[in-house]
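Step one of this worksheet: look at the structure below.
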Amino acid sequence: MVDFGFGLVPSSRMNLDLFDKEKYEELAEIEPDVRICMACGSCTAVCTAGKYTRTSLREAIEDIKNAKPEKALEMLRACQLCGKCSMVCPRGINTRHLILSITKVYSAK
Amino acid sequence: MKNNILIIGGGPAGLEASAQLQRMGYNVILIEKDSVLGGHLAKWDRLFPDGVPADEVLSGLIHGTEGVKLFTETEIRAINRLEKSYNVRLTNGITVLSDAVLIASGFDLFNAVKKEEYGYGIYDRVITNADLEAYFKNGSDKRIDHPKRIGFVHCVGSRDEKSGCRSCSKVCCATAVKQAIEVKESFPDAEVFCFYMDLRLFGRHYEDLYLKAQKEYGVRFIRGRVAEVSENIDGSLVIKAEDTVASKPLKATMDLLVLMSGMRPSVSGKAVGDLLEMTVEEDGYFAVRSGIAAGQRSPLPGLFLAGAATGPKTLPETLADARAAAVEIDRYLTEIFPDARNYKQLVRERW
Amino acid sequence: MIYEGKQKIWSEYQKEIPDDHYFYVRSCIRQSFFPASEATFLDITRNKLGKDIFETEHHTTCGGIAYHSDTIPQETVMTIIARQFALMAKNGYENYVCSCITSFGLYCETMETWREFPELEAKIRENLWKSCKLEFAKPKFLIHASDLIYKYRKLIAAQAVRKLVNVHTGEPLKVVEHIGCHYSKMFPSKGVGGAEYPYVLVGMIEAWGGEIVDYPERRHCCGFGFRQYFIKGNRGYSLSNTHKKFESMEPFKPDLIITNCPGCPYFLDRWQYVIAESTGKTYGQDGHGIPALTYEEVAGLVMGYDPWDLGLQTHQVGVEPLLDKMGVEYDPAKKYLGKNGKDIGAPAPCSCLK
Amino acid sequence: MGKLYDLLMKDYRLKEGLNACINCGTCTAICPAAEFYRYDPRRIVDIVQSKDDEEIEKLLKSDTIWYCGECMSCVTRCPRKNAAGLIIMSLRNLSIELGYFIESEKGRQQYLLTKDLCSNILDYGYCVYPRRFDYAGHPEAGRVWEWEEKHLDDVFERLGGNLDGKGPGAMRRIPQEDLEQIRNIFDITGATERMENVRKAGEKKAAELGMTVEEFSEMVYKQSDPKHLNH
């Protein structure tokens with residue numbers, strides 16, 4: 001193989017065809033409120049961990065829906081489960097339970 | 001008080017205004033260019049937010065027009081303003097001397113072919129909101145064959161200066177959410193996506209509909225306008241958008257894509273307006289007399305407007321408009337019109 | 001795919017193309033990499049179609065590549081363009097035909113900007129006089145050279161000795177068209193067929209007997225990207241965009257790619273080579289690539305020009321499978337000969353791409 | 001608010017290219033650069049229309065504005081008739097004028113681009129000149145170019161070209177008087193001055209990095225930090 005000094009580079013395009021519907025249904029089974037997030041960002045705005053690390057529940061939910069669960073787990077790794085997000089969610093999502101559920105479902109191999 | 005009132009357009013606005021004015025004792029003449037009454041409502045299956053059948057609403061409206069002189073498949077050939085009244089020649093040969101005229105010419109659905117990059121009329125599985133309603137009503141459309149993934153594209157011919165349509169069409173967001181639910185009811189295994197810029201769910205119960213679509217039907221809402229559509233070798237569609245919440249481009253394969261065609265000013269309404277030299281605003285809809293308090297009055301005395309002739313409206317808004325028009329017409333015909341000596345002055349003061 | 005739907009759109013984007021008397025301006029990239037294409041174009045228009053098409057040795061680059069690599073100011077490129085236009089007028093022409101798509105787009109943009117900002121036009125007029133002592137002029141018609149071939153596609157078909165048909169099966173060849181981005185993406189009305197379903201190349205293929213295949217990434221850029229190619233460190237961008245197109249067209253098994261932009265055939269050709277040599281992947285049959293030709297080359301093939309006179313040997317992707325399908329007679333031994341049969345060697349073989 | 005924004009607004013490309021953006025993302029959705037770089041043209045437009053000088057300055061000094069390939073595909077898509085590509089061009093223009101371009105790895109490439117492309121134009125009247133397009137620097141040009149490069153005169157003669165010849169034809173020698181006119185145009189429209197400034201900025205940067213101009217050029221030509229790319 002010839003080395004040209006450059007090569008194909010990775011694409012940022014999210015491919016919804018890769019979305020794992022079964023896994024998502026598994027998550028929605030134990031935490032149905034994952035469906036009702038409006039991506040308003042209130043959770044991220046008040047996130048204690050988000051101040052110092054790249055933590056965002058809003059992004060994590062998006063990542064799951066955009067077929068990037070590994071990124072979702074990364075987004076939640078620094079979460080301390082302080083629960084501030086559950087106080088501000090306009091849809092009343094039990095965010096702590098959602099975070100725990102995401103970790104549980106998507107960490108399992 | 002048996003003034004003649006001509007109402008142009010047999011859609012919801014025209015029907016409701018006819019019914020109200022008939023009840024007040026006026027002699028109402030309603031003309032409709034199509035062979036059936038109801039306008040777009042006649043082609044719709046169910047209505048947001050609570051899913052009542054359009055047929056039911058329409059038959060209620062038609063029922064109320066008993067006694068109204070109704071001419072279908074009839075348009076205006078010529079219209080002249082006399083001193084106070086309008087002399088109108090219809091295409092069916094009848095001439096009407098009308099003391100007040102109500103234009104309820106409604107809207108046209110945006111011709112989705114014009115949004116070329118979405119491929120309506122080119123790609124087999126791209127349909128419009130109207131096509132989907134027809135499918136719900138008639139139960140068949142060869143383009144809809146057990147789709148597993150269905151996308152809804154908001155803002156087609158709305159909020160789009162490229163297509164010459166800057167304004168929001170108001171009803172499409174709620175229609176998309178309603179149709180997303182219905183399509184999910186028809187195809188429970190399907191994944192359903194809505195691509196939107198802003199969800200404009202402003203009306204009563206609309207937000208509930210949105211919540212229901214997410215919670216009970218698992219509809220996925222993606223904030224990002226669809227940029228282009230193309231066709232795979234198997235006829236499925238590739239759509240591209242940016243998920244603007246994630247700030248990343250995305251693509252998805254769909255078996256069916258529904259374009260939410262917006263509202264455009266009615267072409268036949270515009271033709272009537274041209275006969276009367278009525279002013280239209282930059283957006284193509286008729287101008288009301290002045291400002292937000294003008295209600296249903298046009299700039300011309302005795303000439304009134306109701307419904308989507310003055311811009312996109314929901315059905316309840318259109319009906320409210322029609323009732324308001326009836327009240328204003330009544331006021332005009334009782335307070336201004338009869339006073340022959342002071343007519344001009346009264347028009348100046350009160351029109 | 002509903003063909004009539006496309007026809008409807010095509011009918012809405014027809015531009016006026018004058019009948020005769022053209023002022024021809026060359027393309028930097030086409031001259032450098034496909035000189036025979038320009039020669040063929042002039043031969044067809046002059047000698048086969050009998051048109052008056054004039055070229056002056058005094059014209060230069062329009063500066064478009066430098067401009068789109070952000071190395072010269074807008075005022076500079078506009079003054080160079082004004083100079084080109086002035087040369088046209090000076091030689092008594094008003095129909096400006098350019099070989100380059102970057103130029104074409106830039107001319108359209110420049111004329112539009114002048115229309116919108118007359119004070120800028122005045123400035124350029126002054127610049128032109130100061131720098132070149134030339135009188136400012138604007139073309140009556142601005143057309144791309146592919147517009148001309150499109151206009152005369154049926155006359156060319158009438159003179160053709162063969163069609164874009166597989167002589168062994170009788171089936172039409174499957175052709176992918178690739179339109180240069182700057183042809184109509186900025187000003188859809190300036191291109192034949194508009195921006196979404198351009199007809200300029202489709203019309204040629206239809207007239208010459210081929211079958212167009214439309215694939216999902218048809219509208220996507222070849223990935224040239226000016227600075228994204230010229231600098232080695234950026235070439236991953238360019239390569240990856242072409243790769244994306246080939247991955248998308250692969251299932252359609254095209255026999256041929258036809259292009260109207262000078263750069264695209266180079267990139268669609270050479271990036272296939274790089275993909276093959278660095279990853280082992282090829283997109284044609286049995287380890288071959290898919291030939292990416294200029295529209296002049298395709299016109300020349302149907303009109304019976306010798307493939308080596310057309311310069312098809314300067315493509316890295318071998319064209320022989322295409323020539324075999326079309327029933328073109330060629331002498332493999334003459335492929336790399338110089339003028340009058342001079343032996344000038346041959347390129348080294350590729351390790352992967354056939 | 002807005003000294004840099006005001007400077008940008010002097011650029012006709014910005015006047016043409018910036019209407020009110022509604023952040024719909026149709027530009028990013030189809031942008032070749034948004035897919036292969038860490039890049040989002042929608043956000044660039046949004047930053048410019050915010051008129052926030054601090055953010056605009058960051059942009060002007062960043063790699064971000066150099067990712068666009070100027071294919072202008074975004075222009076076809078925008079529902080508000082914005083042209084993200086033109087906005088990028090005016091940002092790049094200002095970044096060069098203010099000397100900010102040299103701060104970023106991608107911006108720095110202007111040093112080589114300006115030198116090569118402008119000298120091609122001034123010396124030969126072409127943006128691309130085959131004798132200056134070397135196989136060593138362009139291995140992707142293929143074995144066929146490796147061969148052509150060795151036999152350029154013969155290949156051009158064979159293919160009906162007129163390489164460095166008199167009169168019209170492909171790659172003809174453009175008369176000196178015409179090249180003089182192009183030089184005049186460069187002089188009075190600011191291109192010559194820009195070339196000088198870019199050259200000086202590059203040489204200064206090379207000195208700062210303790211490199212010779214050749215070493216600097218080599219680095220600029222080949223360098224590509226993985227941070228530009230998606231993971």
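Model, not experiment: these values are computed from the prediction. Lettering of chains follows the sequences in order, A, B, ..., and the numbering in each one begins at 1.
- For the set C/H220, C/H315, C/E38, the entry with the most heavy-atom pairs within less than 4.5 Å of chain D is C/H220.
- Heavy atoms of D/F101 lying under 4.5 Å from chain C are absent altogether.
- We find that C/E119 and C/K123 are not joined by a salt bridge, their nearest charged nitrogen and carboxylate oxygen being 4.0 Å or further apart.
- Residues C/R30 and C/E296 are paired through a salt bridge, judged by an N-O separation under 4.0 Å between the basic side chain and the carboxylate.
- For D/V198, no part sits under 4.5 Å from any heavy atom of chain C, backbone or side chain.
- Other residues, nucleotides and ligands place no more than 12 heavy atoms under 6.0 Å from the CD atom of D/E193.
- Proximity to chain C (any heavy atom under 4.5 Å) is restricted, for D/E35, to the side chain, taken from C-beta onward.
- For C/Y336, the parts sitting under 4.5 Å from any heavy atom of chain D are the backbone and the side chain alike.
- Among C/G338, C/S32, C/A36, the residue making the largest number of heavy-atom pairs under 4.5 Å with chain D is C/S32.
- Proximity of a side-chain donor or acceptor of C/Q228 to a complementary backbone N or O of D/C68 within less than 3.5 Å is detected.
- D/F216 has its ring centre less than 6.0 Å from the ring centre of D/Y111.
- Here the side chain of C/K185 pairs no donor or acceptor atom with the backbone of D/T76 at under 3.5 angstrom.
- Heavy atoms of D/R13 lying under 4.5 Å from chain C belong to its backbone as well as its side chain.
- Looking at C/E55, both its backbone and its side chain come within 4.5 Å of chain D, counting heavy atoms on both sides.
- Neither the backbone nor the side chain of D/Y124 comes within contact range of chain C; no heavy atoms are under 4.5 Å apart.
- Using a 4.5 Å cut-off between heavy atoms, C/R235 touches chain D through its side chain atoms alone.
- Looking at C/Y229, the atoms closer than 4.5 Å to chain D (heavy atoms on both sides) all sit in the side chain, from C-beta outward.
- With a 4.5 Å cut-off on non-hydrogen atoms, D/C74 does not touch chain C at all.
- In this structure, chain C has heavy atoms under 4.5 Å from both the backbone and the side chain of D/I185.
- A salt bridge links D/K227 with D/D63: the distance from a Lys NZ or Arg NE/NH1/NH2 to an Asp or Glu carboxylate oxygen falls below 4.0 Å.
- Looking at C/T56, the atoms closer than 4.5 Å to chain D (heavy atoms on both sides) all sit in the backbone: N, CA, C or O.
- For D/E148, the part sitting under 4.5 Å from any heavy atom of chain C is the side chain, from C-beta outward, and nothing else.
- Residue D/L112 touches chain C through its side chain alone, counting heavy-atom pairs closer than 4.5 Å.
- Contact count versus chain D (heavy atoms, under 4.5 Å) is highest, among C/E112, C/R270, C/M186, for C/R270.
- Heavy-atom distances place both the backbone and the side chain of C/W308 under 4.5 Å from chain D.
- Ion pair D/R143/D/E146 flagged as a salt bridge, since at least one NZ, NE, NH1 or NH2 atom sits closer than 4.0 Å to an Asp/Glu carboxylate oxygen.
- Using a distance-only test at 3.5 Å, with no hydrogens or angles considered, a donor-acceptor pair links the side chain of D/R172 to the main chain of D/G169.
- Looking at C/L337, the atoms closer than 4.5 Å to chain D (heavy atoms on both sides) all sit in the backbone: N, CA, C or O.
- Between D/Y67 and D/H228, the ring centre distance stays below 6.0 Å.
- Ring-centre distance between C/F230 and C/F224: below the 6.0 Å cut-off.
- There is no contact between D/A83 and chain C, counting heavy-atom distances below 4.5 Å.
- When the candidates C/Y237, C/F117, C/Y266, C/F226 are compared by the number of heavy-atom contacts under 4.5 Å with chain D, C/Y237 comes out ahead.
- Atom CZ of D/R183 sits in a sparse spot, with 12 or fewer heavy atoms from other residues, nucleotides or ligands closer than 6.0 Å.
- Along residues 152-167 of chain D, the residues that come nearer than 4.5 angstrom to chain C, judged on non-hydrogen atoms, are D/D154, D/V155, D/F156, D/E157, D/R158, D/L159, D/G160, D/G161, D/G167 in order of number.
- Using a 30° and 60° split on the angle between ring planes, D/W145 and C/F33 fall in the tilted class, from 30° to 60°.
- Interface remark: D/D225 contributes no atoms to any contact with chain C (heavy atom separation under 4.5 Å).
- Of the two parts of D/E177, only the side chain, counted from C-beta on, holds a non-hydrogen atom closer than 4.5 Å to a non-hydrogen atom of chain C.
- No side-chain donor-acceptor contact under 3.5 Å links C/N241 to the backbone of C/C222.
- Contacts between C/K244 and chain D at a heavy-atom distance below 4.5 Å involve the side chain alone, from C-beta outward.
- Residue C/F41 forms a ring-ring contact (aromatic ring centres under 6.0 Å, His included) with just one option from C/Y24, C/Y305, C/F34, and that option is C/Y24.
- When heavy atoms are compared at a cutoff of 4.5 Å, D/L86 approaches chain C solely by way of its side chain, counted from C-beta outward.
- Residue C/D43 does not touch chain D at all, counting heavy-atom pairs closer than 4.5 Å.
- Contacts between C/E196 and chain D at a heavy-atom distance below 4.5 Å involve the side chain alone, from C-beta outward.
- In this structure, the portion of C/R26 lying under 4.5 Å from any heavy atom of chain D is its side chain and not its backbone.
- Ranking C/P73, C/A39, C/A348, C/G311 against chain D, the residue ahead of the rest is C/P73, based on heavy-atom pairs under 4.5 Å.
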